[in-house]
Protein chains: 2
Amino acid sequence: MADKIIPDIVVGRLPIYLRALQRMLAENRHVTSSQELGERLGISAAQIRKDLSQFGEFGKQGTGYSIDYLAEQIRHILKVDQVWDIAVVGAGDIGSAVARYQGFANRGMQVKQIYDSDPAKVGTDVGSFKVKDIADIESEIKKDGIKVAMIATPSDHAQEVADQLVSAGVMAILNYAPINLNVPENVRVQYIDPVIHLQRMTYYL
Amino acid sequence: MADKIIPDIVVGRLPIYLRALQRMLAENRHVTSSQELGERLGISAAQIRKDLSQFGEFGKQGTGYSIDYLAEQIRHILKVDQVWDIAVVGAGDIGSAVARYQGFANRGMQVKQIYDSDPAKVGTDVGSFKVKDIADIESEIKKDGIKVAMIATPSDHAQEVADQLVSAGVMAILNYAPINLNVPENVRVQYIDPVIHLQRMTYYL
DNA sequence: TAGATTGTTAATCGATTAACAATC
DNA sequence: TAGATTGTTAATCGATTAACAATC
């Protein structure tokens with residue numbers, strides 16, 4: 001029997017819930033309610049309960065949710081109760097910043113490799129990583145069984161890199177290059193482009 | 001008479017359309033159709049036409065859209081037919097990468113200032129900017145009339161920084177710290193957290 | 001017990017798509 | 001003229017909210 005299909009928009013909110021719960025834990029809180037969580041996030045309590053109910057029953061009537069337990073359940077649903085190795089492609093400003101980023105710790109992600117095509121950069125250090133030659137990307141990614149990658153190359157190389165990642169077995173790509181990628185439909189892509197976010201706000205100014 | 005209210009989700013797609021149009025211009029294309037644009041972006045042609053029709057009539061039956069003209073119109077709608085000065089708060093890896101980012105050019109944005117609280121960083125150079133002392137942030141932002149800012153500080157300072165930005169007159173904040181910000185409802189906030197995007201994909205792996 | 005909050009159903013609201021007359 | 005594609009309407013689809021019985 002196939003699992004019920006969960007709307008993508010619901011899946012997309014789970015990481016937001018998880019981040020807020022982890023923040024509450026850091027504040028030494030133990031219990032919360034859909035109402036409190038909703039107020040913090042600007043989301044209705046009903047929506048939070050509805051979202052969570054797609055996956056199971058995690059709360060107690062009259063009491064609310066154990067923060068620790070709910071966080072654990074969401075981590076399991078999102079498959080971040082394990083650590084995913086990440087390959088970063090492009091060792092420029094953005095690639096380097098992301099490779100050194102401390103924010104992956106305890107959130108199910110860790111950078112494992114970083115690549116560049118510039119011979120002057122290959123072999124140099126970025127944080128604790130040695131920059132690898134992009135010529136070796138397919139074999140290296142296959143060797144390590146990496147499934148998640150980030151593209152931080154110039155736009156005009158992003159599609160070519162994406163093709164290589166896909167043929168190396170990568171199934172999830174976070175793309176910092178400001179361009180849309182074409183990938184097979186079983187490969188997921190997410191985009192980060194600060195200008196898109198900024199332009200979305202200037203409309204209202 | 002008040003303008004018709006445009007759904008936020010429609011406004012959010014305009015920057016995506018604009019980016020694709022600018023890409024087509026770079027490819028020396030002159031005319032496109034809702035169908036072609038939709039195929040590139042993975043959006044239905046009907047939706048693109050519907051979105052655009054909220055703002056006016058930009059196409060020609062039988063022919064499609066002049067890429068140059070449509071891009072110009074969208075830039076006008078989004079108010080990026082002007083250049084917005086941006087203040088970057090935090091001169092760590094992410095703040096520095098963003099301050100040096102080349103991708104703002106021709107997209108209506110330019111970094112103008114960068115701040116840090118670390119005395120060892122204040123006064124040093126990041127790209128073509130000299131890092132300013134965060135103690136002066138309110139007066140400096142007011143002086144330059146800056147309305148758009150990016151937060152790239154550690155999480156535990158982000159809310160405090162946001163409060164200062166708001167009282168200095170900033171109306172749009174792009175937050176790289178992995179934490180939700182509370183701001184007055186007339187101030188817009190957008191979030192960039194790579195982990196959120198990554199966790200959204202691991203669900204499907 | 002009284003109060004609080006869940007999980008769920010039904011109603012509402014909003015967004016997307018299909019279809020087509022208008023027209024370039 | 002024939003073919004193509006827009007702008008728009010109506011139909012469909014999906015997401016959000018309100019309300020409440022269940023129950024801790």
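Within every chain, numbering begins at 1; the chains are lettered A, B, ... in the order of the sequence lines, protein sequences first and strands thereafter. Everything numeric in this text was worked out from a predicted model, so none of it was measured.
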Output yes when at least one side-chain N/O atom of B:R49 is less than 4.0 Å from OP1 or OP2 of D:dG7, else no. no
Are A:Q47 and D:dT16 close enough that a side-chain N or O sits under 4.0 Å from OP1 or OP2? yes
Using both distances under 3.5 Å as the test, list the Watson-Crick or G-U wobble partner of D:dA21, or none.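 For D:dA21, the partner nucleotide comes out as C:dT6, under the 3.5 Å rule.
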Hunt down the Watson-Crick or G-U wobble partner of C:dA11, both distances under 3.5 Å, from any strand shown, or write none.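 D:dT16 - that is the nucleotide pairing with C:dA11, both distances being under 3.5 Å.
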B:Q190 vs B:N175, side-chain hydrogen bond (donor to acceptor under 3.5 Å, both in side chains): CA-CA, chis, key distance, verdict: CA-CA 6 Å; B:Q190 291 273 306; B:N175 180 27; over 6 Å; no
To the nearest angstrom, how far is [X] atom [atom1] from [N] atom [atom2]?
X	N	atom1	atom2	result
A:I9	C:dG14	CD1	P	14 Å
B:I5	C:dA15	CD1	P	12 Å
B:E57	C:dA21	CD	C1'	14 Å
B:L52	D:dG7	CG	C1'	10 Å
A:Y65	D:dT23	OH	C1'	14 Å
B:K50	C:dT17	NZ	C1'	10 Å

Per A:S44 side chain, nearest of listed nucleotides C:dT6, D:dT17, C:dC24: D:dT17
Let's see if you can work this out: which of D:dT16, D:dT6, C:dC24 has an atom nearest to the side-chain heavy atoms of B:S34? D:dT6
Hey, mind stepping through B:Q47 and B:D51 against side-chain hydrogen bond (donor to acceptor under 3.5 Å, both in side chains) and telling me if it holds? CA-CA 6 Å; B:Q47 177 156 91; B:D51 285 352; 5.1 Å; no
Between A:S53 and A:T63, name the one whose nearest nucleotide on DNA chain C is closer to the 5' end.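 Counting from the 5' end, the first nearest nucleotide belongs to A:T63.
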